[in-house]
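Read through the structure below, which is laid out as structure tokens, and then see the notes.
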Protein chains: 2
Amino acid sequence: MKLGQATIKDIARELNVSSSTVSRALKDYPGISDETKRKVKELADKLNYRPNAVALSLRKSKSFTIGVIIPEVVHFFFSTVISGIEEVAFANGYNVILCQTNEKLSREQSSIETMLSNQIDGFLVSFSRETTDFTHFKKLLDLGFPIVFFDRMPDLENTVNVTVNDYQGAYDAVNHLVEQGYKKIAHLSGPQNLAISKKRKEGYLDALKNAGIKPRPDWIIECPFGTEKESYDITSKLFSNSVDLPDAIFAHHDIVAAGAMMALKNLGLRIPEDVGIVGYSNWQFSSMIDPPLSTVSQPGFKIGEQSSKLLLEMINIKKDQSWDSKNIVLDTELLVRKSSVRI
Amino acid sequence: MKLGQATIKDIARELNVSSSTVSRALKDYPGISDETKRKVKELADKLNYRPNAVALSLRKSKSFTIGVIIPEVVHFFFSTVISGIEEVAFANGYNVILCQTNEKLSREQSSIETMLSNQIDGFLVSFSRETTDFTHFKKLLDLGFPIVFFDRMPDLENTVNVTVNDYQGAYDAVNHLVEQGYKKIAHLSGPQNLAISKKRKEGYLDALKNAGIKPRPDWIIECPFGTEKESYDITSKLFSNSVDLPDAIFAHHDIVAAGAMMALKNLGLRIPEDVGIVGYSNWQFSSMIDPPLSTVSQPGFKIGEQSSKLLLEMINIKKDQSWDSKNIVLDTELLVRKSSVRI
DNA sequence: TTTCCTACTGCAAACGATTGCGGCGACGTT
DNA sequence: AACGTCGCCGCAATCGTTTGCAGTAGGAAA
């Protein structure tokens, strides 16, 4: 009524036929005369008829909508992922409904609830930092509800995940530092309940090991919040010890790296001469800071594309058989900039 | 069926009452015995009953969903806007469905179509760069469909818009440079077919005028692409003249400012001692570069909040009366950092 | 003329929830 | 004993669309 949108009934009334006929005529069903089809289509066109997707959803219990759950839209990485998701979804006639959790578990749960009551066809999720218990996902998965996890992998069996090779990215980054002659490499790590943080740490450790460098536990510092400020403080403290200082930092993401850089500059240390530094994720700003920050680039757009492709496949086979669990791992790329090149 | 979600009918059958009774019991309608209410609620709880939002949408022709149309998610500014929108919408029980146009008009139109057929309650739009003809919006507005335009204002009458005061932001920035003792202020402007670019240039000119400084046309240079590289080249050229050099730059956005800074450093000029610089938009990196860049911050999050607040109001009065056209202009904020402070 | 196709079209139920209206039993009142 | 009232609940329509089944008319075959 609000829009006075024409319905099938309107067309039927006007043409003195039944709604069934109109419905069938519009979809070129056999058993409708060409004459009727023509008239129906003409009128539909004239009235600017547009099928009511809500009624369709109700009828078919399928909404052609997928729900995306991410920690924060404003993270450059996630916005590129969204972009990829949106692209594929749109091309396949699906809508994207979006919820950000702000890294809160409670928000994650309530988002899932409301999306479910909207008869979402499937979920694409990168769960919050607070999420350590996955039963809310497990329940859905057991019912055969399609979910693809991206970027962050849950501690569950038989899930479909799209991630990047965090281990390799970290390994490459640290290895690069080693090749540049840095030997005392510290690691500003992420929260250890996130698999990605763990992987990056492993890559770091293995690269050191491979270079015959023994890791120092006091040079592996967790930055749970991942803010610039936090990293600034931690780095300042780390380098306030005047005896034995690291000569390089591998940060688990670029903001942390940026905070560290500020701290180093503030202490009068030169980058990359005194301290080399590599970040992670290739944020937009990373090439513009001084010196430009070396970083590991994650293919956000591709992650989005891949995830939604997989999800759409899962949605469309759900006759009765289930799908195989899958782990798609996309490659990272090391972008070497000035912050880590001293040779 | 997919989820085996319990419906009102299931509860009714189990309890040997009618669906009407269940519905009313769940909503604490009068005229239902406490006993029945108790039993219904208990069972609903046990079955994990969740109302089917799609059925509700159909019944009430209201979907509690708003559609957001933006050029690109990956622009930091837009992602902050989305964040603000999301926040308000979620708090009011609304969902956000998202479409990006990639600055294409055709995409904008088709997005609107599909969203409409999903019985969207209203639109929040920042239209594409290609959009010069607004009839597709006009049609909806004439039908009384709620639309709020943000950031970009359409050439239509009686619309509700939320924008920022670009003129004032530029004026403040340049005025700040003047107060810091800079007298020879150049402007790296944006493409002059965009309203925002023009406004910023006007603010620049008026601030100069007000300070009694005569603008020099050769110090107002357009950066049509707005890339860092472009700005680097332009700035290098501008400062290669050894006779009469500007002592400050007002850039139409931060990426351009960053490029200029790189060029200045490369020429051995000190910031802010030799050249002061102010950018626009407060990109994420602006506080992290060296020296931290003074900039004009646009309240993206607030824009999002305001826009969706307005939209929700419009959605909820639509009994029959229309709403007033409105132009909310949000203030920018000058963030003074080191790049422009020499006193 | 009767029978049987065939080509069209309509009826009605269904998806899940809401809601105006009416039914029905129990009780109080006169 | 008759009537009114009140508390509790169910019927059925509705939102827009789809779809299995049944119905009708016309022509062709017997």
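Chain identifiers are assigned alphabetically (A, B, ...) following the order of the sequence lines, protein sequences preceding nucleic acid strands; residue numbering begins at 1 within each chain. Quick caveat: nothing in here was measured; it's all calculated off a predicted structure. Side chains are part of it too, since the values below use all heavy atoms of this structure and drop only hydrogens, waters and symmetry mates.
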For the side chain of T36(A), starting at C-beta, report the closest nucleotide among dT9(C), dA17(C), dT19(C).
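My answer, after comparing the listed nucleotides, is dT9(C).
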Let me know the distance between [atom1] of [X] and [atom2] of [N], rounded to the nearest Å.
| X | N | atom1 | atom2 | result |
| --- | --- | --- | --- | --- |
| K60(B) | dT19(C) | NZ | C1' | 10 Å |
| N118(A) | dC15(C) | CG | C1' | 16 Å |
| R13(B) | dG10(D) | CZ | C1' | 16 Å |
| K62(B) | dT18(C) | NZ | P | 15 Å |
| K37(B) | dC8(D) | NZ | P | 9 Å |
| D10(B) | dA17(C) | CG | C1' | 13 Å |
| Q5(A) | dT17(D) | CD | C1' | 14 Å |
| I8(B) | dC9(D) | CD1 | P | 15 Å |

Side chain to side chain donor-acceptor pair (under 3.5 Å) partners for [X], two or more places apart:
| X | answer |
| --- | --- |
| N161(B) | T159(B), N327(B) |
| E113(B) | R50(A) |
| E157(B) | none |
| S57(B) | none |

Taking salt bridge (Lys or Arg N to Asp or Glu O under 4.0 Å) as the test, write out the residues that go with E42(B), two or more places apart.
R38(B)
Under a 3.5 Å distance rule, please check whether S83(A) uses its side chain to pair with a backbone N or O of S79(A) as donor and acceptor.
no
Side-chain (R152(B)) to main-chain (F127(B)) donor-acceptor, under 3.5 angstrom
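Such a contact is found between R152(B) side chain and F127(B) backbone.
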Comparing N16(B) with L58(B), nearest DNA chain D nucleotide closer to 5' gives the residue N16(B)
Side-chain N or O of [X] versus OP1/OP2 of [N]: is the shortest distance under 4.0 Å?
| X | N | result |
| --- | --- | --- |
| S19(B) | dG16(C) | no |
| S18(B) | dG10(D) | yes |
| K9(A) | dC15(D) | yes |

Once you apply a heavy-atom cut-off of 4.0 Å, does S57(A) come out as touching a base, just sugar-phosphate, or nothing?
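Nothing, no heavy atom under 4.0 Å.
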With a non-hydrogen cut-off below 4.0 angstrom, is V54(B) in contact with a base, only sugar-phosphate, or nothing?
nothing
Strand contacts (DNA chain D) in residues 20-35 of chain A, 4.0 angstrom heavy-atom criterion:
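Correct list: S20(A), S23(A), R24(A), K27(A), Y29(A).
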Per the salt bridge (Lys or Arg N to Asp or Glu O under 4.0 Å) rule, what does the pair list look like for residues 72-93 of chain B, sequence neighbours excluded?
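Qualifying pairs, neighbours excluded: R107(A)-E86(B), R107(A)-E87(B).
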Can you tell me how far the CG atom of L47(A) sits from the CD atom of E14(A), to the nearest 0.5 Å?
6.5 Å
Does E305(B) have any side-chain contact (heavy atoms from CB on, under 4.5 Å) partners at least two apart in sequence or in another chain, and if so, which?
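Only V88(B), F301(B), K302(B) meet the side-chain contact (heavy atoms from CB on, under 4.5 Å) criterion with E305(B).
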Filter on side chain to side chain donor-acceptor pair (under 3.5 Å), then keep only pairs touching residues 135-149 of chain A, sequence neighbours left out; what's left?
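For residues 135-149 of chain A: E108(A)-H136(A), D133(A)-T135(A), K138(A)-D142(A).
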With axes from five pairs an end, tell me the bend angle of the helix from dT1(C)-dA30(D) to dT30(C)-dA1(D), nearest 10°.
80°
Contacts under 3.5 Å, N or O only, protein and nucleotides 22-25 of chain C:
none

So the ring pair (Phe, Tyr, Trp, His ring centres under 6.0 Å) pairs with at least one residue in residues 88-118 of chain A (sequence neighbours excluded) are F64(A)-Y94(A)
